[in-house]
Amino acid sequence: MESVNFKLNSEQQKAVLATEGPVLVIAGAGSGKTRVLTARICHLIEIGVDPYNILAITFTNKAANEMKERIERSLGYAGSQVWTSTFHSMCAKILRFDAERLGYSPDFTIYTELESERVVKRVAENCLDADAKYKSEYMWHISRAKTLALSPDDYYYAIKDDVQNAGTIKQVYKLYEEELRRSNSLDFDDLLLKTVELFENCPDVLEKYQRRFKYINVDEFQDTNKLQYKIVKLLAKESGNLFVVGDEDQSIYSWRGAEIKNILDFPKDFPKAQVFKLEQNYRSTTSILKAANSVIKHNANRNEKNLWSENKEENSVEFYEAYNDREEASQVARMISILCRGDESYKDMAVLVRANSLTRTFEEEFNLHGIPYKVFGGFRFFERKEIKDALAYVRLAINPSDNDCILRVVNYPKRGVGTSTVEELKSVAEKNGMTFFSVLVNPQLLSSTAAKKLAPFTEIAMKLIECVKTMRPTEFFNFMVQASGLESALKASGDKEDENRLENIEELVNAVKEFETDNLDATVSDFMQSVALVSDTDEMDDDNYVTIATIHAVKGLEFDNVFIVGCEEGIFPTQRSIADCDVEEERRLMYVAITRARKKLFVMNATQRYRFGRTESFNKSRFIGEMRGIQPSVRFSNSAYGTRDYSAPKRTTFGVNDDKNIYSSSYPTAYQTKGTLGGFAKQSTESKKPSSGVNYDKFVKDTVVEHSKFGRGLIISTSGEGEDKIAAIAFKGLGVKRFSLAVAAPLLKIVEDV
DNA sequence: CTCCTTTGTCTTTTT
DNA sequence: GACAAAGGAG
């Protein structure tokens, strides 16, 4: 142990040293669980365990990479031999290797939720009893059935007494399964389910992995579902060395099938398990913990524990009630500016929201004040339409059986293939039990009109299938962009949005280039593999920006200053949870949010909120009432931006899509809108006074200005005075944007000769 | 077949 | 208000 350079308390040390048999570590928030996990793996290697025999499973790719890095830093090459990954990527790897044993080809496509949904919709349209408008209901049932490892028939018997349309669900589920199988595709649930099937049907395969993974470590165990638990149980059956770390108070994924029972019943499942409890928190101040503890106490379904900290600080939780959502955002912006004038920098701040829809106001307000930020959660780069379309061509090249990707691009860019032609393709395929692609290469099965219209697409498809076998990834992507006609179509359209789309596609190609540089021997297929399982937080970096994120997206992260906003009944907790009388998970989510904060926590609510095109009133969240030791903030002020009027929420109608697309080119974070004027904002706040050399009076209505990023625009109105002066500027093709002149003036040049 | 308008759903959270 | 689906005109 002595050579392991981790400082550990006695309980942590005991957990690290308990190398044999089943072990459960209940690790409160901020109690050093990652440290324990890492130290334990290092310790195992030091006492002579081959790193090849160690498996570490984490919740996100980011956590996996971080752990790998830490182990490598401690142990060098030996550390790099440890298999660290998420459940899903581990299963994908295992399945690629032995896919044939289950009747799949190793080139199977992984369908994300978006693609699954398209398939459900399509089969529902084909099913007489079903109605495509209930696709999300069908999806939910299919996912639940798979998580319970039930076939369509078994699932039907399980639910038929409780669910009215159980018969329809069974049919849709069956058709969906058939379609995925035909398309040689697996959805997210399949990755887990088929792995279990593989292990159960092929004992030799299971044995192979049991021999390999002699020491299994699972992080965030409270968020595992039935299948995931089953997988680790199967793997650990021989060695018996299963080490799981988690905290039932941080279980926030039950809506996705996570079973809090897995952690609560672990000692029952493994009567010989050693149990350790980590309760000392090294992250937050005492008053932050007091707030967290007092909230979570209201939950019934948990093991009593009490987080404590040596970091005594009584006044670190402040509460502020804003008049409406816009004022809330504005106060946060103001507070951030104040904190940044002190010791803090933007990257020490996080604004946490319950739902993605709440981020927009903050984006607008931060843009206005020149605060750099990034939004996490919500749309991702790889979910953009143009990216999905481009990738569909690649999917087609790798796995021609993939029916979904053919439907996606058969008429994109437009080739005169309309609904009637597509319908014919579908029905001929259906009638003959063929894939769409095999119909395409046998055009004699089609009517002569349809055959003629589809021929150009078939030709493209065949070219791509041929080339993907020989070309390097970057080479292939460049070829695809051109051969598919995407490039010329987007170039020719003259539409500003299409220009952005093309830029995004270029970013995709850059991403491929980067991937190829990092993984020299990688194939196109390897790239596609890595794409299917990335998430947003995986892409967080060290740049200086404020994090705006959903609470789910920041699980496992920490920040000096945290703003929990939108704390209203109906928002957080959500309306749905209130209606179902089931707010315990919401409360755990609040607990997670609170415990992200190291030094300062700000809890906020707004009495009115602009939603759905109208203003609604909200009561303060019950969770605020449950928090002890918090105090009304005196630091926020109603007169901070005295010239602004919050009473009637002003909604500037942003022209086309406001800035979503403008900054999208900074791959890989999707929907990433870096604070518009980041660099300049930093200057103005750090020099503690706005640049005095600028004559504001020049910026008046009807003046034409040149913006360094957006080009030429016309000032359509101004409001406020001096430092608070705001100009609304209309840019051609980009819509109206509002700028705080104190921040943006250096970026704007007056255009004299109009 | 494509483009345009109208209508209805939606906002929980994501590997 | 945003977006997809549906329906109608050219």
Side-chain angles (χ1 to χ4, degrees), chain A residues 57-64 85-92 110-114 116-118 121 125 131-136 143 147 187-192 220 223-225 227-228 251-258 352-361 376-380 382-383 385 411-423 449 453 532-538 549-556 566 570-580 582-583 585-586 588-590 592-593 609-616 649 651-654 656-658 660:
Chain A
I57 296 179
T58 58
F59 197 70
T60 62
N61 293 303
K62 187 192 183 216
S85 76
T86 64
F87 272 106
H88 290 268
S89 35
M90 172 181 81
C91 290
I110 298 171
Y111 277 6
T112 64
E113 209 149 322
L114 274 136
S116 300
E117 198 182 275
R118 285 165 55 93
K121 198 186 140 206
E125 276 164 357
D131 186 338
K133 101 178 164 209
Y134 299 123
K135 60 175 187 227
S136 33
S143 179
T147 307
D187 65 22
F188 277 150
D189 296 312
D190 282 336
L191 291 176
L192 306 172
E220 308 279 14
D223 285 320
T224 51
N225 67 24
L227 289 173
Q228 292 167 331
S251 161
I252 54 174
Y253 282 98
S254 75
W255 52 274
R256 209 175 70 193
L352 305 186
V353 297
R354 176 64 183 87
N356 277 307
S357 53
L358 299 172
T359 60
R360 166 148 298 197
T361 328
F376 294 93
F379 282 126
R380 301 168 210 183
F382 291 107
E383 281 171 9
K385 229 184 260 145
N411 194 34
Y412 184 86
K414 294 206 165 64
R415 298 186 184 88
V417 179
T419 21
S420 52
T421 310
V422 172
E423 282 309 311
T449 4
K453 290 196 160 163
L533 301 168
V534 294
S535 77
D536 239 19
T537 33
D538 292 344
T550 61
I551 299 161
H552 285 88
V554 293
K555 193 174 90 147
I571 303 279
F572 191 13
T574 58
Q575 197 50 55
R576 177 120 187 222
S577 69
I578 297 170
D580 296 349
D582 186 16
V583 297
E585 179 145 315
E586 295 289 308
R588 290 193 293 268
L589 198 53
M590 179 54 97
V592 169
R609 196 167 281 285
Y610 193 80
R611 253 190 2 159
F612 242 131
R614 67 162 87 151
T615 303
E616 288 176 70
R651 298 290 143 177
T652 319
T653 321
F654 287 87
V656 209
N657 247 343
D658 64 82
K660 245 185 279 175

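Just so it is clear: chains get the letters A, B, ... in the order the sequence lines come, proteins before strands, and each one is counted from 1.
Remark: B:dT9 base-pairs with C:dA2; criterion is Watson-Crick or G-U wobble with both hydrogen-bond distances under 3.5 Å.
A:Lys555 comes within 4.0 angstrom of no nucleic acid atom, judged by non-hydrogen atoms across all strands. A:Thr112 comes within 4.0 angstrom of no nucleic acid atom, judged by non-hydrogen atoms across all strands. A:Thr550 comes within 4.0 angstrom of sugar-phosphate atoms only, judged by non-hydrogen atoms across all strands, and of no base. Among the protein residues, A:Phe59 comes within range of the sugar-phosphate backbone only, with heavy atoms under 4.0 Å from sugar or phosphate atoms but none that close to a base. Using a 4.0 Å heavy-atom distance criterion, A:Asn356 is classed as a sugar-phosphate-only contact.
Across the protein-nucleic acid pair, A:Glu423 atom CD and B:dC1 atom P stand 11 Å apart, rounded to whole Å. The interatomic distance linking A:Lys385 (NZ) with C:dA2 (P) rounds to 14 Å, in whole Å. In this structure, A:Arg118 places its CZ atom 12 Å from P of C:dA4, rounding to the nearest Å. Going from atom CD1 of A:Ile57 over to atom P of B:dT15 covers 16 Å, rounded to whole Å. Separating the CG atom of A:Leu114 from the C1' atom of C:dC3 is a distance of 14 Å, rounded to the nearest angstrom. Look at CG on A:Leu192: it is 13 Å from C1' on B:dT14, rounded to the nearest Å. Put simply, CD on A:Glu117 is 11 Å from P on C:dA4, counting in whole angstrom units. Between the CD atom of A:Glu113 and the P atom of B:dT15 there is a distance of 10 Å, given to the nearest Å.
Both A:Gly418 and A:Glu585 lie close to DNA chain B; mapped to their nearest nucleotides by heavy-atom distance, the more 5′-ward contact belongs to A:Gly418. Of the residues near DNA chain B, A:Phe87 and A:Thr419, the one whose nearest nucleotide (by heavy atom distance) lies more toward the 5' end is A:Thr419.
No side-chain donor-acceptor contact under 3.5 Å links A:Glu117 to the backbone of A:Lys135. The main-chain N or O of A:Val417 is found under 3.5 Å from a side-chain atom of A:Asn411 such that the two form a donor-acceptor pair. Without hydrogens or angle criteria, A:Asp223 side chain to A:Ile252 main chain gives a donor-acceptor distance under 3.5 Å.
Contact check for A:His88 versus A:Ile110: no side-chain heavy atoms found under the 4.5 Å cut-off. Using a 4.5 Å heavy-atom threshold, the side chains of A:Leu533 and A:Phe188 count as touching.
For the pair A:Lys121 and C:dA4, the criterion of a side-chain N or O lying under 4.0 Å from OP1 or OP2 is not met. At B:dT15, none of the side-chain N or O atoms of A:Ser89 fall inside 4.0 Å of OP1 or OP2 (strictly under the cut-off).
Distance from the side chain of A:Thr421 is smallest for B:dC1 among the nucleotides B:dT14, B:dC1, C:dG1. Here B:dC1 is the nucleotide among B:dC1, B:dT14, B:dT15 with the atom lying nearest to any side-chain atom of A:Ser420. When the nucleotides B:dT2, B:dT14, B:dT15 are ranked by their closest atom to the side chain of A:His88, B:dT15 comes out on top. Candidate nucleotides B:dT14, B:dC1, C:dA5 were compared by shortest atom distance to the side chain of A:Lys453, and B:dC1 ranks first.
Under the stacking definition used here (centres under 5.5 Å, planes under 30°), the residue A:Trp255 qualifies as stacked on the base of B:dT13.
Shown here for A:Thr60 and A:Thr86, the closest heavy-atom pair between the two residues is C-CG2, 3.3 Å.
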Listing time: all N or O pairs from protein to nucleotides 7-11 of chain B that are below 3.5 Å?
{"from": "B:dT11", "atom 1": "O2", "to": "A:Ser357", "atom 2": "OG", "distance (Å)": "3.0"}

* Show your working on side-chain contact (heavy atoms from CB on, under 4.5 Å) between A:Thr224 and A:Phe87 and close with a plain yes or no. => CA-CA 9 Å; A:Thr224 51; A:Phe87 272 106; 3.7 Å; yes

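Ring-plane geometry between A:Tyr253 and A:Phe59 is classed as tilted, the angle between the planes lying from 30 to 60 degrees on a 0 to 90 degree scale.
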